[in-house]
Amino acid sequence: MYAYILRRLFMLIPVLFGVSIVIFFTLRIIPGDVAATILGTDATPQALAQLREDFGLDQPLYQQYFSWMGGVLTGDFGESMRTGQEVLPDIMSRFAITFELTILSAFISWIIAIPLGIIAGIKRNSKTDFGVRIISLLGVSVPNFALATVLILVLSLSFSYSPPVGYVGFFEDPITNLQILLLPAIVLGTSMAGAVMRMTRSSILEILRQDFIRTIRAKGAKERVVIFNHALRNAMIPILTIIGMQIGVLLGGTVIIEQIFSLPGLGQLVLTGINQRDVIVVQGAVLFIAFVFVIINLIVDILYSYLDPRITYK
Amino acid sequence: MREFVQRLIDDKIGLIGFIGILVVIIIAIFAPLIAPYAPDKMFTEHVLEGPSGEFLFGTDQFGRDIFSRIVYGAQVSLKVGLIAVGIGATAGLIFGLIAGYFQGKVDQVIMRVMDVFFAFPDILLALTIVAVLGPSLTNTMIAIGVVFTPVFTRLVRSAVMSVKENEYLTSAVAIGVHPVKIIAKHITPNIMAPFIVQITLALSGAILTEAALSFLGLGVQPPDPSWGVMLNASRTYMEFAPWTIIFPVTAIVFTIFCFNLLGDSLRDILDPKLKR
Amino acid sequence: MNKKGFILAFLFASVMALLIACSDNSNTDEPGNDNDSNNDGEQAEQVLKIANDQEPAGLDPHKTPAHSSVRIYSQVYSGLVQFDADMNVVGDLAVDWDQPDDQTYVFNLREGVKFHNDREMTAEDVKYSFERILDEETASHIASYFSNVDSIEVLGDYQIQFNLKSADATFLSNLTNASAAVVAKEVVEENGDLQQVAVGTGPFVFEEWVPDNRVVLLKNENYYDENLPKLDQVIYYTMKDEAARMSAIRTGEVDLTTVSAQSADLIKDQEGLEVKDYQSLEYSYVGFNNEHEILSNEKVRQALSLATNRESVADIVWGGDAVVSGPVAPSMGDWAIDVTEHELYSNNLEKAKELLAEAGYENGFDITITTASTYADMVDTAQILQQQWAEIGVNAEIKQIEWGEYIDTWVNKTADILVGRNGSGTDPDRALNYFFHTEGSANVWNFSNADYDELVTKGKTTVDLAERKAIYDQAQNDLLTLSPNLFLVSPMKYVAVRDSVEGFTPYPHDGEYILEVTKK
């Protein structure tokens with residue numbers, strides 16, 4: 001087991017190197033650079049050249065890459081070209097926000113999806129099953145930025161409600177913090193709920209058909225016991241997988257929602273960074289997101305093997 | 001095949017999805033016949049008018065007929081979906097087959113590259129690719145296609161590996177049948193089920209991703225009427241001209257909903273484990 | 001729905017309702033002022049909350065032209081002079097000034113003005129600030145405004161002299177630019193630059209910047225005008241989405257925000273809110289590459305001008321709240337000429353077709369219009385032009401690019417036709433010389449006309465007001481006829497403010513004058 005984890009961790013190294021190379025070079029291909037976006041229509045050739053020199057953009061690409069990577073390996077992600085702020089602390093503080101939003105959204109989607117999925121699975125092909133499936137699919141089908149806009153509009157017009165504007169961390173003021181994150185989490189949670197619901201339903205279906213469940217039933221166990229003590233526990237494995245994937249996807253997928261709800265998260269950092277061609281910020285943030293994503297996937301895999309004794313890893 | 005069709009008909013939900021998609025396809029094909037006006041024709045005297053006999057779904061901020069734009073938008077959205085998923089699925093199929101069949105070093109290289117792309121958040125990857133290539137219909141499709149490639153590759157690879165374990169294949173390899181023949185004859189048909197399910201689901205994902213890119217101004221270019229573009233433009237006007245948002249949203253939701261219905265029920269039908 | 005599902009939904013709704021209810025109580029609680037209880041009758045907290053539509057791009061006044069930054073650092077820093085409500089130059093850090101000759105300005109500085117770090121501001125600081133602007137290593141965006149400065153001499157602690165290379169009628173009005181700010185040398189040296197810190201002599205003191213969320217400014221208790229500012233605190237919240245800004249201003253989460261014309265219409269009658277408008281100094285334009293095979297022909301450009309219905313652009317893009325403009329926006333007052341009577345503004349399609357035929361393009365031609373996806377008004381304008389030009393057979397394709405790339409295109413002159421928006425600046429010299437002189441830093445149009453160059457150069461050095469105006473009238477007319485760009489419309493700007501805000505008036509040159517503002 002430990003050997004397996006070590007081997008997997010070792011395999012992450014080339015992947016993260018790959019990510020760093022891909023993001024570094026694609027960012028250099030995007031037309032326009034940070035000097036031009038800073039100066040805008042006030043740009044003169046001299047000022048542009050001076051800024052490019054300041055940022056080291058006049059050096060050969062491979063040299064820029066190595067000096068950046070050298071820094072990253074020693075924990076120095078560099079400084080934002082726009083604001084001069086150090087990148088890594090900024091990434092960490094924003095990650096806290098995006099991560100909290102992710103967990104909250106995932107939590108909302110489970111509250112909605114897992115009970116509904118179980119019900120639908122148990123009562124396959126009943127009216128309840130159809131109803132649940134259709135509702136959950138509708139949730140997936142609405143573009144979340146449209147849902148967010150409508151939600152903001154309706155709440156402000158009908159209930160004179162708008163989430164508080166100044167972001168505060170959970171530990172500073174938990175109530176305000178939750179108020180700020182509730183609406184975006186609902187929007188993300190509803191669009192995620194469909195996938196979890198479907199996975200729950202089909203895992204339940206599969207488990208209920210298996211021999212050991214039949215045996216338990218044949219022994220005359222109550223249906224409630226069958227489902228809660230036996231079926232559900234086994235069905236958790238695939239559900240766990242999708243939850244893990246979901247958290248990974250959400251980490252990078254909150255870009256638009258963060259923008260609409262003015263949340264200072266990681267997605268905003270990357271988006272603003274791309275728009276302003278602040279490549280140091282974008283590189284650092286994307287590498288960080290990729291790192292967290294692969295780690296989460298690894299954790300899910302390990303949990304998976306832990307929960308399911310049938311799976312062994314060499 | 002007959003059994004498949006029968007099962008699809010039996011599963012009402014899948015059938016509804018299938019019919020819905022058919023309707024969208026027909027609308028897209030016959031758009032010039034169905035739409036009363038050209039999608040970019042501006043009636044500047046009729047800006048932001050509500051639905052009427054003349055303009056069935058009302059007009060947008062330029063006085064363009066929303067109904068005609070929705071109808072032509074079906075073309076754009078389906079095109080984005082089909083071509084983007086086509087790119088992703090084809091690339092995924094090729095890489096997945098090669099990786100799964102030959103394994104070893106080839107597999108290692110392909111899968112590590114896929115891992116790299118997989119580690120990028122979808123929307124950020126699409127956004128970066130569009131930023132590099134420049135926003136246009138074609139580049140949107142390419143970007144979404146690249147985003148989907150790792151998912152398809154992984155799916156095909158793992159399916160190939162599990163099929164390969166079967167005894168009949170082991171013996172086919174043993175007696176020296178050419179790999180291409182084995183892939184074509186034995187493996188490909190066996191992995192079609194999960195592949196098809198993934199395609200229907202990816203189609204809805206592609207349409208949503210296009211809408212998201214349009215929200216960021218990086219999707220289809222005006223005056224082309226993609227639903228995502230219409231939806232994004234309407235955000236400014238939705239409060240006093242709700243028809244500008246209602247109809248594009250309905251069109252998107254309906255189409256994605258139908259793809260999802262179909263995908264969901266195909267999954268049930270094609271999954272051998274669920275057969276009764 | 002089954003029972004369990006119902007219970008869950010109910011629980012969920014309750015939590016939601018609870019959180020919303022909590023928010024009503026905490027609405028008036030502001031960061032930093034938690035101790036105040038807000039009973040009726042007590043004076044309201046003097047905190048102004050402003051929604052900023054973009055994240056500030058840094059706080060260095062000498063390096064950052066972005067509007068989202070200017071609106072903040074202009075409250076922290078002061079310059080030598082400023083505009084009053086009627087755009088007359090009046091003193092700021094300078095009490096008065098005189099001109100021994102056309103090329104020399106002597107400023108007498110206000111005594112006892114302190115930087116926010118408590119050090120007194122003297123003539124040395126003014127000298128340092130302008131030398132920093134002019135230093136090539138600073139790469140300042142306003143260096144070109146002061147390229148005419150030859151040397152700066154400190155005559156005493158409170159007196160400073162600027163020696164110009166030639167007579168310059170634009171010098172004083174250029175000094176009113178918020179970026180011509182007086183900064184403290186020790187702060188620059190300590191921090192490398194001023195992007196993260198801000199220590200000025202202005203009415204507000206920089207407190208904190210939470211990236212992508214808010215910038216907090218506090219009252220400068222030592223401001224040279226003892227009666228100002230009236231507010232204790234100003235907070236700028238970054239809210240990029242218009243729907244979010246609308247929601248926040250409607251519910252009173254923020255006190256002040258800019259809104260689009262369409263949104264202004266929606267909330268102008270709402271109770272508790274007031275929408276103030278002002279004519280901006282901006283105008284939208286169509287920029288031609290004057291060396292392009294087809295567009296280099298003056299007749300083609302004139303034909304496109306005739307084919308453009310500017311009123312229609314004003315109606316559709318700006319909801320009717322925009323005025324037809326030439327290169328100098330109408331809100332520049334006397335400097336702007338009346339363009340509506342100009343022949344090329346008559347939207348005469350017949351004449352346009354004739355001109356095209358004379359140029360040899362009776363069947364029209366294909367062309368690409370490039371614009372920035374970041375700004376809906378530019379994309380909308382491009383779409384209208386595409387339709388209007390189609391009527392004379394010009395088949396335009398729209399290429400929408402994101403802002404960073406747009407600037408790159410602009411600088412490198414790689415587009416055939418660019419649709420955008422320009423600021424007229426504070427002096428007609430910017431609109432006419434800077435953008436269209438052959439050597440002008442912002443002449444990205446490959447436009448070159450010797451007569452015109454001579455005219456605007458003369459305009460810059462002519463100090464006599466009437467004479468100068470005559471020159472610029474001529475220059476504007478020439479520009480309309482030569483059509484290196486098409487000038488379209490100058491929009492109104494809208495600011496929505498809550499009733500609790502008193503004493504706020506936006507001006508064309510300063511849409512956010514908050515010194516006199518109080519909260520009730």
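First the proteins, then the strands, lettered A, B, ... as listed; each starts at 1.
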* Look up atom CZ in A/Phe145 and atom CG in B/Leu231, then write down how far apart they are to the nearest 0.5 Å. => 4.5 Å
* Check whether A/Leu157 gets within reach of chain B through its side chain, its backbone, both or neither, counting any heavy atom under 4.5 Å. => side chain
* Least distance between heavy atoms, A/Pro143 atom then B/Ile252 atom -> CG-CG2, 3.8 Å
* To do: Grab the two heavy atoms, one from A/Ile256 and one from B/Phe215, that are nearest each other, plus how far apart they are.
  => CG2-CE2, 3.5 Å
* To do: Please flag which part of A/Leu137 lies under 4.5 Å from any non-hydrogen atom of chain B: side chain, backbone, both or neither.
  => both
* Under a 4.5 Å cut-off applied to non-hydrogen side-chain atoms, are A/Leu138 and B/Val253 in contact? -> yes
* Structure fact -> Rounded to the nearest 0.5 Å, the OG atom of A/Ser136 sits from the CG atom of B/Asn260 at a distance of 8.5 Å
* **Heavy atoms from other residues, nucleotides or ligands near CZ of A/Phe99 exceed 12 (cutoff 6.0 Å)** => no
* Does atom CZ of B/Phe57 have more than 12 heavy-atom neighbours, drawn from other residues, nucleotides or ligands, at distances under 6.0 Å? -> yes
* Please state whether the side chain, the backbone, both or neither of A/Leu266 comes within less than 4.5 Å of a heavy atom of chain B. => neither
* When B/Val113, B/Val116, B/Ile256 are compared by non-hydrogen pairs under 4.5 Å with chain A, the top option -> B/Val116
* **Region of B/Leu125 that comes under 4.5 Å of a non-hydrogen atom in chain A** => neither
* Structure fact -> Ranking A/Ile274, A/Leu271, A/Thr26, A/Val19 by heavy-atom pairs under 4.5 Å to chain B gives rank one to A/Val19
* **Exercise: identify the closest heavy-atom pair between B/Leu208 and A/Val140** => CD1-O, 3.6 Å
* Asked: With a 4.5 angstrom heavy-atom cut-off, which part of A/Val15 approaches chain B: side chain, backbone, both or neither?
  -> both
* Would you mind checking which part of A/Arg133 comes under 4.5 Å of any heavy atom in chain B, side chain (CB onward), backbone (N, CA, C, O), both or neither? => side chain
* Structure fact -> Checking heavy-atom separations under 4.5 Å from chain B, one finds in residues 290-297 of chain A A/Ala290, A/Phe293, A/Val294, A/Asn297
* Heavy-atom contact with chain B under 4.5 Å, split by part of A/Ile21 -> neither
* Interface moiety of B/Phe118 toward chain A, non-hydrogen atoms closer than 4.5 Å -> both
* Part of A/Val142 lying under 4.5 Å from any heavy atom of chain B -> both
* State whether the number of non-hydrogen atoms from other residues, nucleotides or ligands found under 6.0 Å of B/Phe95 atom CZ is greater than 12. => no
* Asked: For A/Leu153, is it the side chain, the backbone, both or neither that has a heavy atom under 4.5 Å from a heavy atom of chain B?
  -> side chain
* Asked: Does any heavy atom of chain B fall under 4.5 Å from the side chain of A/Arg201, the backbone, both, or neither of them?
  -> side chain
* Structure fact -> Given A/Ile134, A/Ile29, A/Val282, A/Val150, the one with more heavy-atom pairs under 4.5 angstrom with chain B than any other is A/Ile134
* Distance, nearest 0.5 Å, that separates CG of B/Asp115 from CG of A/Leu12 -> 8.5 Å
